[in-house]
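For reference, the structure discussed in these notes is given below.
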Number of protein chains: 2
Amino acid sequence: MPPATTRSEPHPRPRLSRPQKVAEAIKQWVMDEGWQPGHRLPSETDLMARFGMAKGTIREAIRLLEAQGLVKSRTGPGGGVFVHQVSEDRAAALLGNYVYFAHPSIDDIYQLRAALEPELAASLAGKLSAAQLAHLEKVVAESAPPAEMTEGARHAASLRFHVELSAFSENPLLRFFVRFLAELLSEVTVARGLHSDTNPELWQSGLTYQTRLIEALREGQPAQARAVMEAHMATAQGLMRRQEAAVTRRFLSDRAR
Amino acid sequence: MPPATTRSEPHPRPRLSRPQKVAEAIKQWVMDEGWQPGHRLPSETDLMARFGMAKGTIREAIRLLEAQGLVKSRTGPGGGVFVHQVSEDRAAALLGNYVYFAHPSIDDIYQLRAALEPELAASLAGKLSAAQLAHLEKVVAESAPPAEMTEGARHAASLRFHVELSAFSENPLLRFFVRFLAELLSEVTVARGLHSDTNPELWQSGLTYQTRLIEALREGQPAQARAVMEAHMATAQGLMRRQEAAVTRRFLSDRAR
DNA sequence: CCCAATTTGTTCGTATGTATC
DNA sequence: AGATACATACGAACAAATTGG
């Protein structure tokens, strides 16, 4: 028989605060009713009555949901609290908080990019419109201007190619992860001032890889596209690998609207 | 010259509420000071004085940070608001909110798993201790008991193998993504009741793959481990592909503490 | 066991800001 | 311009939880 204590739970169950309970209840309520982005929740006054709690408590609950990007408030008549689709930017910022403490190395980031970017490239081969391909070529061209660009600007331009490419994927998860990793890599290198000593080779080789990749995408050759991206990743990873492993990072700034 | 309007910002800048401003300021403060998990922030009273705002406003700001998993509050003497490391679970729950609206298909999830799980397997070959290998074998054994298991239980057990395996990775990002995708897949299949018609073949083949994988890991053969996992993923993806593409999902429940 | 101190948690009343009609 | 309907913010008080004496 169990000991004669009153605790029935092995884990003492964190005992949620009232705002936490209300936030969970509202979240569940939204799911149960199947409310979509744009739907207006009851007013604060209504929520006070429904939950039998004071305004402050209700407001704190709404802040909990707001921080997760799930709701948005507007003042004035016709205003209120509205269900809101969690944006990619918001999700990236929240995930960035986790990464801040996980402090991955440059190599850790490239290990994932090397696995995902080639898959992205292969899956897009033959799927892009002429306009989309032209857009990619424009991005490449813009990253190779006269020469008065700073190293950081070139790096940012190169990053942009990967971000724009990911945006064309039909797979929302692949889109999100590839973009997140590219921007994370950029942040990490900038935060440590590593992009200045990644010699121009990286940037130069990146341009030729990107050009060849666009060609493979246009021709509809998945294997070729995958191979080019794999080589691109391997080259970049090799050039970056000189840097030490442990990384201290900054919070991703909240670029969510 | 720019037009003679007063607006200097192209984007009207969402004008942050006071709690949002305070939350951002505290976040920046923590980063600037380099405060680590466990560090105590000033008391609510102190913060009221510092920011010149009312108690309610300060508390709402703290809720914004709490929802992100960045701080934790305790009452009583020695209590207060403490910097808190964002847990994997919390990060997964927050990312789950994004995925809820992105509603990826089963195929979308497998596309990522097929790219990441083999990389995970390869990177762990020859790196696991005897105890870790034994643990994996135990997990496999527990997922193949008499026969009175329900289909759902078998599915959960199979999932557990992938989660436990990911936990051994030194790469925090790979660890997080692989686990997130495995649990997401499980949620999606359960939510749609798809695991009942994924015939026992899947479960049976999974067992043999897992056994062969453990062997490759023990022998220290990355290529072999990668190949086994690739075949495992391809098989599972093929059996799942019969299901339709679009998927409606639930919020990941907050399993964060 | 109780009591006191400390800190977050919660309530209520009131006033202000903002957007719509 | 004014009335209306909302969220936003303030201030004072009280409640609950935790720690230590």
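Just so we're on the same page: letters track the sequence lines, and every chain starts at 1.
Lys21(A) has its NZ atom 13 Å from the C1' atom of dT10(C), to the nearest Å.
Take Arg50(A) and apply the side-chain contact (heavy atoms from CB on, under 4.5 Å) test, not counting sequence neighbours, and it matches Trp29(A), Pro42(A). Every residue was checked against the side-chain hydrogen bond (donor to acceptor under 3.5 Å, both in side chains) condition with Glu170(A), not counting sequence neighbours, and none meets it. When the side-chain hydrogen bond (donor to acceptor under 3.5 Å, both in side chains) test is applied to Glu119(B), the partners found at least two apart in sequence or on another chain are Gln111(A), Arg226(B). Applying the side-chain contact (heavy atoms from CB on, under 4.5 Å) criterion to Lys55(B), with sequence neighbours excluded, gives Glu44(B), Met48(B), Arg59(B). Remark: Ser43(B) engages Arg40(B), Thr45(B), Asp46(B) in a side-chain contact (heavy atoms from CB on, under 4.5 Å) (not counting sequence neighbours). For Arg175(B), the salt bridge (Lys or Arg N to Asp or Glu O under 4.0 Å) partners two or more places apart in sequence, or in a different chain, are Glu88(B).
A salt bridge (charged side-chain N to carboxylate O under 4.0 Å, His left out) check over residues 130-140 of chain B, counting only residues at least two apart or in different chains, returns the pairs Glu137(B)-Arg218(B). Screening residues 38-57 of chain A for ring-ring contact (aromatic ring centres under 6.0 Å, His included) gives Trp35(A)-His39(A) as the qualifying pairs, with residues at least two apart or on separate chains.
Electrostatic pairing of Asp89(B) and Arg179(B) counts as a salt bridge here, judged by a charged N lying under 4.0 Å from a carboxylate O.
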Sequence neighbours left out, cut at 3.5 Å: what donor-acceptor pairs do the side chains of residues 160-167 of chain A make with other protein atoms?
| unit_1 | atom_1 | unit_2 | atom_2 | d |
| --- | --- | --- | --- | --- |
| Arg160(A) | NE | Glu164(A) | OE2 | 3.3 |
| Arg160(A) | NH1 | Glu142(A) | OE1 | 2.9 |
| His162(A) | ND1 | Glu117(A) | OE1 | 3.2 |
| His162(A) | ND1 | Glu117(A) | OE2 | 3.3 |
| His162(A) | NE2 | His232(A) | NE2 | 3.4 |
| Glu164(A) | OE1 | His135(A) | NE2 | 2.9 |
| Ser166(A) | OG | Val163(A) | O | 2.7 |

Nucleic acid footprint by protein, nucleotides 16-21 of chain C - heavy-atom cut-off 4.0 Å, B for base, S for sugar-phosphate alone: -BBBB-
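Along DNA chain D, the stretch of nucleotides lying under 4.0 Å from any heavy atom of chain B spans, 5' to 3', dA9(D) to dT19(D).
Annotation: proximity of residues 47-66 of chain A to DNA chain D (heavy atom, distance under 4.0 Å) is found for Lys55(A), Arg59(A), Arg63(A), numbered in ascending order.
Residue-to-nucleotide proximity on DNA chain D shows that, of Arg18(B) and Arg18(A), the 5′-proximal contact is made by Arg18(B).
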